[in-house]
Amino acid sequence: GSNRGVSGIDGIISTAIGFSAGSGKLCTLLTGDLAFLHDLNALATINSIKTPVIIVLINNNGGGIFHFLPISKSRDIFEDYFATPHNLGFKDAAGIFKINYFSAQTCSGFSDIYMNSIKIAQKKRQSSLIEVVTDREYNLKLRRKIKTEILKMLEE
């Protein structure tokens with residue numbers, strides 16, 4: 001399933017919990033940090049459903065997606081009003097709502113953590129939060145590099 005919401009961030013955790021509860025199947029949510037913050041209160045209901053949810057949280061300290069927009073060149077207003085850095089980690093949020101917490105530092109580490117979270121969900125019926133900390137500027141440069149390489153390959 002997918003949830004676009006009004007602005008793309010509305011009720012994303014609630015939607016994942018609803019999908020999991022409605023389908024009776026394990027659900028994985030991939031979300032960004034700002035969308036997560038906008039629906040943080042939904043975690044209060046995550047343990048009341050019978051089917052767990054695995055939340056993969058991309059924490060790039062704000063709206064990394066906005067770096068792809070022309071407004072990103074307006075540095076005088078961009079950080080405060082579009083990127084909106086929050087300087088938060090989410091381990092304590094998982095603790096407050098009694099959700100397993102993991103932090104992935106590498107791709108292989110993420111894979112191991114994700115597979116472990118699936119096992120926990122299946123055996124213990126518990127939800128997990130996997131936080132992946134990334135860098136907005138690095139992500140932008142990497143995506144631009146990949147795009148350039150793809151375009152170069154298509155020209156050949």
Mind checking the [atom1]-[atom2] spacing from [X] to [Y]? Nearest 0.5 Å is all I need.
| X | Y | atom1 | atom2 | result |
| --- | --- | --- | --- | --- |
| Asp33 | Thr84 | CG | OG1 | 8.0 Å |
| Phe102 | Glu131 | CZ | CD | 13.0 Å |
| Lys91 | Ile96 | NZ | CD1 | 13.0 Å |
| Asn60 | Tyr138 | CG | OH | 14.0 Å |
| Phe36 | Leu29 | CZ | CG | 8.5 Å |
| Ser117 | Phe110 | OG | CZ | 8.5 Å |

Test item: [X] side-chain N/O and [Y] main-chain N/O as donor-acceptor pair under 3.5 Å:
| X | Y | result |
| --- | --- | --- |
| Asp39 | Ile13 | yes |
| Asn59 | Leu88 | yes |
| Ser74 | Asp76 | no |

Over all heavy atoms of both residues, which pair between [X] and [Y] is shortest? Give the atoms and the distance, please.
| X | Y | result |
| --- | --- | --- |
| Thr31 | Ala35 | OG1-CB, 3.4 Å |
| Leu40 | Ala93 | CD1-CB, 4.0 Å |
| Ala94 | Tyr101 | CB-CB, 3.7 Å |
| Val53 | Ile49 | CG2-CD1, 4.2 Å |
| Ile99 | Leu129 | CG2-N, 3.7 Å |

Is there a continuous path of hydrophobic side-chain contacts, each under 4.5 Å between heavy atoms, that joins [X] to [Y]?
| X | Y | answer |
| --- | --- | --- |
| Leu57 | Phe19 | no |
| Ile113 | Met115 | yes |
| Ile118 | Val132 | yes |

- [ ] Apply the side chain to side chain contact (heavy atoms under 4.5 Å, CB included) test between Cys27 and each candidate in Pro52, Ser20, Ser127; give the one that qualifies.
- [x] Ser20
Task: Residue that, paired with Leu30, satisfies side chain to side chain contact (heavy atoms under 4.5 Å, CB included) out of Ile58, Ile130, Ile54 - done: Ile58
So do [Y] and [X] actually touch side chain to side chain, heavy atoms under 4.5 Å?
| X | Y | result |
| --- | --- | --- |
| Lys145 | Lys141 | no |
| Phe90 | Leu37 | yes |
| Thr51 | Leu26 | no |
| Leu34 | His86 | yes |
| Asn139 | Thr134 | no |

- [ ] Could you check Ile55 against Thr28 for side-chain contact (heavy atoms from CB on, under 4.5 Å), going step by step and ending with a plain yes or no?
- [x] CA-CA 6 Å; Ile55 300 171; Thr28 298; over 6 Å; no
Open item on the list: Please verify the inter-ring angle class for Phe78 with Phe82; under 30° counts as parallel, over 60° as perpendicular, anything in between as tilted.
Closed with: parallel
Open item on the list: Under a 3.5 Å threshold, yes or no: a donor from one side chain and an acceptor from the other, between Gln126 and Ser128?
Closed with: no
Open item on the list: Counting only heavy atoms not in Asn41 (residues, nucleotides, ligands), do more than 12 fall under 6.0 Å from its CG?
Closed with: yes
- [ ] Step by step, work out the side chain to side chain donor-acceptor pair (under 3.5 Å) result for Asn61 and Asn87.
- [x] CA-CA 6 Å; Asn61 194 33; Asn87 301 309; 3.1 Å; yes
